[in-house]
Peer 1: 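Structure in structure tokens, see below.
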Amino acid sequence: MSDQMPDSAPQFLTVGDGEAAREIAMLVRPAKAGNGAPALVWLSGYRSDMSGTKAVELDGLAAELGLACIRLDYSGHGLSGGNFGDGTISRWLEEALAVIRHVAPDRVILVGSSMGGWIALRLAQELARQGGPKLEGMVLIAPAPDFTSELIEPNLKAKERKSLAERGYFEERSQYSPEPNIYTRALIEDGRKNRVLDGIIETGCPVHILQGMKDADVPHAHAMKLVEHLPADDVVLTFVRDGDHRLSRPGDIALLLSAVKGIIRSSTNRQMPV
């Protein structure tokens, strides 16, 4: 499906002022004329970008259904400017919010993978607080909210703590890249300010979570904990028994697209007059 549709040229948006200014790359597919359905917004994971398999497949679904689709690369990722080492949840959240406000859709469905799930949950809070497009639903793939405080800090080894204290970061071998993952002290400290698993999360929309049970990065118990913090929302949790963290196999992609279609249908039904 999606491999028949080449990406359009990326657009760039300057976010931040002065030394904090960075050029954020985005790919925006406009909706087909007359299609008033929500725009799909893709939010990548840590060290992932808007050209990954799931992002491209989501864009392909948007093309098929005539929907708008918004993808972006956080600073330090993909085609965007800025240094990866300067990245924090607050910084990447600011960029995602700026891109959404720039494109200015009326309604959105957020689709977040791993750390993108954390960004999506924080976006829901910020859109409710600041105003903006109406959030019609969320699909979260192996969501990793609060991963810095929940999954990294409790498992730090002595040498990693020493590296954080002395160098301001530590490295960890990545199973997805020859380059190591780098976690900075700024990322971890900022993560504490962006916690969402410390109270009730009110998204005000349906949420569908897809979680692999063989995920070595985000344990499936983490998805169950997230559900406990979403008591007011219509939440569906789908476990993929043999699924890993990426959930990028053809069957996984089919589950993702089905979940997104389900959110679109529920959005359409809510718009229908009673």
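The figures that follow rest on heavy atoms only: side chains count, while hydrogens, waters and symmetry mates do not.
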Peer 1: Which residue pairs pass the ring-ring contact (aromatic ring centres under 6.0 Å, His included) test with at least one member in residues 178-201, sequence neighbours excluded?
Peer 2: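 Found Tyr46-Tyr183, Phe170-Tyr183.
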Peer 1: Check side-chain hydrogen bond (donor to acceptor under 3.5 Å, both in side chains) between Glu202 and all other residues, then give those that pass, not counting sequence neighbours.
Peer 2: none
Peer 1: Within the supplied structure, the quantity of interest is the number of heavy atoms (other residues, nucleotides, ligands) at a distance under 6.0 Å from Met224 CE; does it exceed 12?
Peer 2: no
Peer 1: Once side-chain hydrogen bond (donor to acceptor under 3.5 Å, both in side chains) is applied, do any residues pair with Arg129, and if so which ones, sequence neighbours excluded?
Peer 2: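 Expected list: Glu126.
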Peer 1: For Arg161, check side-chain hydrogen bond (donor to acceptor under 3.5 Å, both in side chains) against everything at least two apart and list the hits.
Peer 2: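 Partners of Arg161 by the side-chain hydrogen bond (donor to acceptor under 3.5 Å, both in side chains) criterion come out as none, since no residue qualifies.
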Peer 1: Sequence neighbours left out, what passes side chain to side chain contact (heavy atoms under 4.5 Å, CB included) with Gln11? Give chain and number order.
Peer 2: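 Result, side chain to side chain contact (heavy atoms under 4.5 Å, CB included) vs Gln11: Met26, Val28.
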Peer 1: Output every pair passing salt bridge (Lys or Arg N to Asp or Glu O under 4.0 Å) with a member in residues 173-185, not counting sequence neighbours, ordered by first then second residue.
Peer 2: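 Residue pairs passing salt bridge (Lys or Arg N to Asp or Glu O under 4.0 Å), neighbours aside: none found.
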Peer 1: If only side-chain N and O atoms count, and only distance matters, is there a donor-acceptor pair under 3.5 Å linking His245 with Ser114?
Peer 2: yes
Peer 1: How long is the gap from CG on Asp86 to CG on Leu187, to the nearest 0.5 Å?
Peer 2: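 The CG atom of Asp86 sits 11.5 Å away from the CG atom of Leu187.
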Peer 1: Quick one: does Thr203's side chain have a donor or acceptor within less than 3.5 Å of a partner on Cys205's backbone?
Peer 2: yes
Peer 1: We want to know whether Glu95 and Ser75 form a side-chain donor-acceptor pair, criterion being a heavy-atom distance below 3.5 angstrom.
Peer 2: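 Yes, a side-chain donor-acceptor pair sits under 3.5 Å.
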Peer 1: Give a yes or no answer on whether the side chain of Arg122 reaches the backbone of Val196 with a donor-acceptor pair at less than 3.5 Å.
Peer 2: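 Checking the backbone N and O of Val196 against the side chain of Arg122, no donor-acceptor pair under 3.5 Å is found.
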Peer 1: Please list all pairs passing the ring-ring contact (aromatic ring centres under 6.0 Å, His included) test where one or both residues lie in residues 110-141, with sequence neighbours left out.
Peer 2: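 Listed by first then second residue: Trp118-Phe147.
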Peer 1: Could you tell me which residues satisfy side-chain hydrogen bond (donor to acceptor under 3.5 Å, both in side chains) with Arg192, sequence neighbours excluded, listed by chain and number?
Peer 2: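 For Arg192, the residues satisfying side-chain hydrogen bond (donor to acceptor under 3.5 Å, both in side chains) (neighbours in sequence not counted) are Glu153.
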Peer 1: With sequence neighbours excluded, tell me which residues meet salt bridge (Lys or Arg N to Asp or Glu O under 4.0 Å) with Asp73.
Peer 2: none
Peer 1: Quick check: does any side chain N or O of Asn35 sit under 3.5 Å from a backbone N or O of Ala37, one acting as donor and the other as acceptor?
Peer 2: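 The answer is yes, because a donor-acceptor pair under 3.5 Å joins these two groups.
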Peer 1: Tell me, which pairs form a salt bridge (Lys or Arg N to Asp or Glu O under 4.0 Å) where one or both residues lie in residues 237-248, sequence neighbours left out?
Peer 2: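 Found Asp242-Arg249.
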Peer 1: Between His77 and Asp49 (side chain of the first, backbone of the second, donor and acceptor by atom type, cut-off under 3.5 Å), is there such a pair?
Peer 2: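 Pair absent, no side-chain N/O of His77 close to backbone of Asp49.
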Peer 1: Is there a donor-acceptor contact under 3.5 Å from the side chain of Tyr74 to the main chain of Ile89?
Peer 2: no
Peer 1: Quick one about Arg22 and Thr14 (side-chain donor to acceptor, distance below 3.5 Å, no hydrogens or angles considered), yes or no?
Peer 2: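 There is no such pair between these side chains.
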Peer 1: The criterion is side chain to side chain contact (heavy atoms under 4.5 Å, CB included); which residues satisfy it with Glu150, sequence neighbours excluded?
Peer 2: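 Checked Glu150 against side chain to side chain contact (heavy atoms under 4.5 Å, CB included); matches are Asp146, Arg195, Leu197, His222, Lys225.
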Peer 1: Cut-off 3.5 Å, side chains only: do Ser90 and Lys193 have a donor facing an acceptor?
Peer 2: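 Judged by distance alone, the side chains do not pair up.
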Peer 1: State which residues pass side chain to side chain contact (heavy atoms under 4.5 Å, CB included) with Ala186; sequence neighbours excluded, sorted by chain then number.
Peer 2: Thr88, Thr184
